**Q** 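This is the structure I have questions about; it appears just below.
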Amino acid sequence: MAIGERIRFFRNLCGMTQKYLGQVVGFPEKTADIRMAQYESSSRTPKADLTNNLANVFGVSTSALTVPDIDSYNGLMHTLFTLEDLYGFRIDKLDDELCIRLDKGMGTNYITMFDMFSAWQQQAEKFKNGEITKEEYDNWRYNYPASNVINTKEDK
C-alpha cells in the first residue's frame, strides 16, 4: 500500500476530512483539501517532516505510513500490519505455534486469498513430498502468478 493509500486509510479511520487533516498539519484553509488529495492520490509524495507530522496527528509510527522496507524486522512487521488491514490476515496460535491465517469475514478478499494460498500450499506440499524439485518449486514461485490466477484486487 503506497503512502497515499495509507494516509487515506488512517484519515478515514480517524473520521477526518481531507480539508480538516490538511489544516491540522498546517496547510492554509483554501488549499488544505487540495493538498491532501494530491498526497492521497500519490500525485505528490510528502517529505519526511510532513510524514512525521501526519503520523503524529494519527497517533501512529511513521513506519505505519511509509512504504515498509521488508529487509528489516520492523519493516516486515508493518508490511504484515498492512496485509491485516487490506486482506484480513490475522495472527493466531495453532498447536502452540504462531501462524498467519485468513479472516473469513473479509468476503471476496478471503475467497481470492484462499485460492491463492491454496495453490501455494499445494506446490509447497509437492516439494515437501518429493513430487517436484526445489528448482521446479522455485520456478513456480518466481513465475507466479500463472495466467489463470488473479494478479491484484483491481483485476477481480
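None of the values given here were measured: they were computed from a predicted structure.
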**Q** With side chains defined as the heavy atoms from C-beta onward, is the minimum distance between K19 and E29 less than 4.5 Å?
**A** yes
**Q** Do L54 and R6 come within less than 4.5 Å of each other through their side chains, counting heavy atoms only?
**A**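 SC-SC contact between L54 and R6 ruled out.
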**Q** Are M36 and I34 linked, directly or through other ILVMFWY residues, by side chains that come within less than 4.5 angstrom of each other?
**A**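 They do not share one cluster, since no chain of ILVMFWY contacts under 4.5 Å joins M36 to I34.
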**Q** Could you tell me the separation between the CG atom of L80 and the CG atom of D85, rounded to the nearest 0.5 Å?
**A**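 Here the rounded value is 11.0 Å.
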**Q** Using modelled atom types only, decide if a donor and an acceptor are shared between the side chain of N52 and the backbone of A48 within a distance under 3.5 Å.
**A** yes
**Q** Do R141's NZ or CZ and the ring of Y144 fall within the cation-pi criteria of under 6.0 Å and 45°?
**A** no
**Q** Hey, is the main chain of G75 close enough, under 3.5 Å, to the side chain of S72 for a donor-acceptor pair?
**A** yes
**Q** Determine, for K126 against E136, whether the closest basic-nitrogen to carboxylate-oxygen distance falls under 4.0 angstrom.
**A** no
**Q** What class does the angle between the rings of F27 and Y39 fall in, given that below 30° is parallel, 30 to 60° is tilted and above 60° is perpendicular?
**A** parallel
**Q** For Y20, is the OH atom crowded, meaning more than 12 foreign heavy atoms sit under 6.0 Å from it?
**A** no
**Q** Could you check whether atom CZ of F114 has more than 12 heavy atoms from other residues, nucleotides or ligands sitting under 6.0 Å from it?
**A**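 For F114, atom CZ is not crowded (no more than 12 foreign heavy atoms under 6.0 Å).
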**Q** Distance from M113 atom CE to K104 atom NZ, nearest 0.5 Å?
**A**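 One finds 15.5 Å between CE of M113 and NZ of K104.
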**Q** Looking only at heavy atoms, which two atoms of A55 and L65 are closest? And how far apart?
**A**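 Closest approach of A55 to L65, heavy atoms only: N-CD1, 3.6 Å.
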**Q** Indicate yes or no: at least one non-hydrogen side-chain atom of T133 is less than 4.5 angstrom from one of E135.
**A** yes
**Q** Could you check whether any side-chain N or O of N129 sits under 3.5 Å from a backbone N or O of E131, counting only pairs where one atom can act as donor and the other as acceptor?
**A** no
**Q** Could you check whether any side-chain N or O of R8 sits under 3.5 Å from a backbone N or O of E40, counting only pairs where one atom can act as donor and the other as acceptor?
**A**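 Between the backbone of E40 and the side chain of R8 there is a qualifying donor-acceptor contact (under 3.5 Å).
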**Q** Give the ring-plane orientation class for H78 versus F81, where under 30° counts as parallel, over 60° as perpendicular and anything between as tilted.
**A** perpendicular
**Q** Which atom names give the shortest non-hydrogen contact between D33 and Q18, and what distance separates them?
**A**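 What the structure gives for the nearest pair is O-OE1, 3.7 Å.
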**Q** Does atom NZ of K47 have more than 12 heavy-atom neighbours, drawn from other residues, nucleotides or ligands, at distances under 6.0 Å?
**A**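 Counting other residues, nucleotides and ligands, NZ of K47 stays at 12 neighbours or fewer.
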**Q** Looking at side-chain heavy atoms only, is the closest gap between K134 and D138 below 4.5 Å?
**A** yes
**Q** Rounded at 0.5 Å granularity, tell me how far CG in D49 sits from OG1 in T51.
**A** 8.0 Å
**Q** Rounded at 0.5 Å granularity, tell me how far CG in L83 sits from CG in L102.
**A** 10.5 Å
**Q** Quick one: are M16 and V24 in side-chain contact, heavy atoms under 4.5 Å?
**A**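 Of all side-chain heavy-atom pairs linking V24 with M16, none is under 4.5 Å.
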**Q** Work out which heavy atom in A2 is nearest to a heavy atom in S42; give both atom names and the distance.
**A**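 Where A2 meets S42 most closely, the heavy atoms are CB-OG, 4.2 Å.
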**Q** Please tell me if the side chains of V57 and L21 come closer than 4.5 Å, counting only heavy atoms from C-beta onward.
**A** yes
**Q** How far does CD1 of I100 sit from CZ of R90, to the nearest 0.5 angstrom?
**A** 11.5 Å
**Q** Measure across V25 and N53 and return the closest heavy-atom pair with its distance rounded to 0.1 Å.
**A**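 Looks like O-ND2, 3.3 Å.
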**Q** With a 6.0 Å cut-off on ring centres, are F9 and F58 close enough?
**A**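 No: the rings miss the under 6.0 Å criterion.
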**Q** If you compare all heavy atoms of I7 against all heavy atoms of P46, which two are closest, and at what distance to 0.1 Å?
**A**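 Closest approach of I7 to P46: CD1-CG, 4.1 Å.
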